[in-house]
Amino acid sequence: MVAISIENVWKYYGETVAVQDLNLECRDGEFVCVLGPSGCGKSSTMRMLAGLEHISAGQILFGDKRINELAPKDRDIAMVFENYALYPHKTVAENMANPLRMAGVDKATVTKKVLDAAKLLEIDHLLDRKPVELSGGQKQRVAIGRVIVRQPAVYLFDEPIAHLDAKLRARMRTELKHLQQHQGVTTVYVTHDQLEALSMADRIAVMHDGVLQQFGTPAEIYSNP
Ligand code: ADP
Ligand code: ADP
C-alpha cells in the first residue's frame with residue numbers, strides 16, 4: 001500500500017491548460033474521488049497518475065518515489081477505465097485469471113482468487129461464458145474483476161460504472177467501496193456523479209476548469225457547497 005502526492009502539477013495540451021497547479025494527496029489506504037464536469041481535467045489527472053501522460057510541470061509521488069522514476073512493472077497500479085477491453089476469445093474466468101497467471105501465481109491460488117472476486121461481483125455464474133455472451137454491465141464487472149484479483153497497491157478508476165443502469169450502479173457503489181475498505185487499497189476514483197462521490201469517498205476533490213476548488217470529506221463538501 002502506498003500514499004500518493006500530486007505536487008504543483010500542470011498539464012498543457014498546446015495552448016490548452018487542462019490541469020492548473022494541482023496539489024492533492026491521497027493517504028495510504030484512502031479512497032479519494034475526483035469530482036467535476038466534463039472537460040475539468042479529471043482524465044488528464046488520471047492519465048498522469050497512471051504514467052500514461054507526460055506531466056508538463058510539478059511532480060507525482062507514489063510513496064517517496066517520483067512516478068517517472070518507477071519502472072512500469074514497479075508501479076503496482078491497476079486501472080479500470082470506462083471503455084473496458086476484454087479478450088474476446090477467452091472465457092470470463094480466463095480473462096480474470098490472466099493477470100495472475102502472467103505474474104506466475106500457482107493455479108490453485110488463481111482459481112480461488114478468481115472465484116472469490118467473481119462471487120463478490122456476482123458474476124460467478126458467468127465464469128465459463130465468452131464476453132460476446134455478456135451484457136455491458138456484466139462485461140464491466142469482469143473488467144473490474146480482472147483488476148481486483150491482483151490486489152495492487154493503487155486502484156485508479158475512471159468512471160468505471162458510468163455505463164451501468166441505475167440499479168446496478170447503486171449496487172456497484174456499495175460493492176466497490178466495501179472491497180476497497182476490505183483490501184485497504186489506496187484508490188483514486190474519477191466521476192462526474194455527485195452521489196457517487198458522496199457515497200464512496202473518504203475525501204472528495206472538486207475540480208473545475210483544471211483547478212482544484214475544494215478538497216475535503218463528504219461532510220465538509222456537503223455542508224459547504
Ligand atoms: P475530463 O476528464 O474532466 O473530461 P480532460 O482531462 O479529458 O477532462 O480534459 C481537460 C481539458 O483538456 C479539456 O479542455 C480537453 O479538451 C483538453 N484535452 C484533453 N485531452 C487532450 C488532448 N489529448 N489534446 C488536446 N486537448 C486535450
Ligand atoms: P484451462 O484450459 O487453462 O484449464 P480454464 O478455462 O479451465 O482453462 O481456466 C483458466 C483459469 O481460470 C484457471 O486456471 C482457473 O484459475 C480459472 N477458472 C476457470 N474456471 C473457473 C471457475 N469455475 N471458478 C474459478 N476459477 C476458474
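Atoms within each ligand, like the ligands themselves, are counted from 1 in listed order.
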Write out the residue and atom name of the closest protein heavy atom to [atom], then the distance separating them to 0.1 Å.
atom                    : value
atom 12 (O) of ligand 1 : Ala18 CB, 3.3 Å
atom 20 (N) of ligand 1 : Tyr13 CZ, 3.4 Å
atom 9 (O) of ligand 1  : Ser44 OG, 4.0 Å
atom 7 (O) of ligand 1  : Ser43 CB, 3.7 Å
atom 8 (O) of ligand 1  : Gly41 N, 3.1 Å
atom 10 (C) of ligand 1 : Gly39 O, 3.4 Å

Self-check item: Sub-4.5 Å side-chain heavy-atom contact between Val2 and Val154
Solution: yes
I'd like to know if [X] pairs up with [Y] as an ion pair, taking the criterion as any Lys NZ or Arg NE/NH1/NH2 lying under 4.0 Å from an Asp or Glu carboxylate oxygen.
X      : Y      : value
Asp116 : Lys112 : yes
Lys11  : Glu53  : yes
Asp76  : Arg150 : yes
Glu94  : Arg101 : no

Exercise. Examine Thr16 against ligand 1 and note whether any of their N/O atoms are separated by less than 3.5 Å.
Key: no
Does [X] come within less than 4.0 Å of ligand 1, judged by its heavy atoms?
X     : result
Arg47 : yes
Ser38 : yes
Pro37 : yes

Quiz item: Short list, please: which atoms of ligand 1 are under 4.0 Å from a heavy atom of Cys40?
Solution: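 Counting atoms of ligand 1 from 1, those under 4.0 Å from Cys40 are 1 (P), 3 (O), 8 (O).
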Self-check item: Check: Gln181 side chain, His178 main-chain N or O, donor-acceptor pair, under 3.5 Å
Solution: no
Exercise. Classify the side-chain pair Glu159/Tyr189 by whether it contains a donor and acceptor separated by less than 3.5 Å.
Key: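 Judged by distance alone, the side chains do not pair up.
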Self-check item: Is_contact(atom 16 (O) of ligand 1), protein non-hydrogen, under 4.0 Å
Solution: no
Quiz item: What's the spacing between Leu70 CG and Phe62 CZ if we round to 0.5 Å?
Solution: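 Answer for the CG-CZ pair, Leu70 versus Phe62, is 8.0 Å.
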